[in-house]
Amino acid sequence: MVGVNRFQAENEPEIPLLRIDPSIEHAQVERLRALRERRDELAAEGTLARLEDAARGNENILPRILDCVESYVTVGEISHRLRKVWGGIPGGGDGLVRID
């Protein structure tokens, strides 16, 4: 492999990792829970079902995604429905955690 077995760089600078304060993560999870409590769950589920139907066919899914967003469906919920239809990354390495 290039860079591992051969052609290694001398004095490569260390890239600092971004560390997120756990309190920020906790606050965001609470905001997400509050959003789900106050949204119209029937409308959200309906838009997700229509998105899934569109993804199973050959319809443009962008208008269905916009409908989902207008119903306060999260990006994670949208992605979950699309992975349900099309599958995910081989090995399941998408790095996402579903918060129910």
Side-chain angles (χ1 to χ4, degrees):
M1 274 196 228
V2 175
V4 175
N5 298 335
R6 199 165 178 201
F7 304 114
Q8 293 181 349
E10 299 284 330
N11 301 324
E12 228 177 287
E14 188 173 320
I15 299 171
L17 296 176
L18 175 63
R19 304 236 184 249
I20 305 295
D21 184 332
S23 67
I24 294 172
E25 178 185 0
H26 178 72
Q28 184 61 24
V29 168
E30 289 307 313
R31 287 178 54 205
L32 180 58
R33 284 196 176 108
L35 171 84
R36 287 182 175 162
E37 284 179 17
R38 71 176 181 267
R39 73 180 179 191
D40 180 345
E41 197 59 39
L42 288 176
E45 184 55 40
T47 58
L48 281 168
R50 288 188 290 279
L51 171 63
E52 189 174 333
D53 290 343
R56 290 186 190 288
N58 60 359
E59 183 182 341
N60 180 359
I61 65 167
L62 188 55
R64 299 292 168 241
I65 291 173
L66 293 175
D67 291 342
C68 288
V69 171
E70 289 171 355
S71 295
Y72 297 100
V73 174
T74 67
V75 172
E77 291 168 316
I78 293 168
S79 300
H80 179 72
R81 282 297 175 103
L82 294 176
R83 280 192 300 273
K84 190 173 159 183
V85 174
W86 296 329
I89 296 171
D94 61 10
L96 298 176
V97 176
R98 185 167 169 94
I99 301 171
D100 292 320

Members sharing I15's hydrophobic cluster (side chains within less than 4.5 Å): none
side-chain hydrogen bond (donor to acceptor under 3.5 Å, both in side chains) filter on E70, not counting sequence neighbours, yields none
Contacts of R39 meeting salt bridge (charged side-chain N to carboxylate O under 4.0 Å, His left out) (sequence neighbours excluded), chain-then-number -> E41, E77
With hydrophobic residues grouped by side-chain heavy-atom distances under 4.5 Å, do V75 and Y72 end up in a single group? no
Check whether any side-chain heavy atom of H80 lies under 4.5 Å from a side-chain heavy atom of L48, and answer yes or no. no
Quick test of your reading of the model: are D53 and R56 salt-bridged, counting only N-O distances below 4.0 Å? no
Starting at CZ of R50, measure out to CZ of R64 and round the result to the nearest 0.5 Å. 7.0 Å
Hydrophobic cluster identity match, I65 and L35, side-chain contacts under 4.5 Å: no
Could you give the distance from CH2 (W86) to CZ (R81), rounded to the nearest 0.5 Å? 13.5 Å
For the CG atom of L51 and the CD atom of E59, what is their distance to the nearest 0.5 Å? 9.5 Å
Partner set under salt bridge (charged side-chain N to carboxylate O under 4.0 Å, His left out) for E30, not counting sequence neighbours: R33
Among L66, I61, N60, find the residue that satisfies the side chain to side chain contact (heavy atoms under 4.5 Å, CB included) test when tested with P63. N60
Given a cutoff of under 4.5 Å between side-chain heavy atoms of I, L, V, M, F, W and Y, with clusters grown through shared members, what are the other residues clustered with I24? L18, I20
Approximate separation, where rounding is to 0.5 Å, of T47 OG1 and I78 CD1: 7.5 Å
Is it the case that atom CG in L42 sees more than 12 heavy atoms from other parts of the structure closer than 6.0 Å? no
Using side-chain hydrogen bond (donor to acceptor under 3.5 Å, both in side chains) as the criterion, list what pairs up with R38, not counting sequence neighbours. none
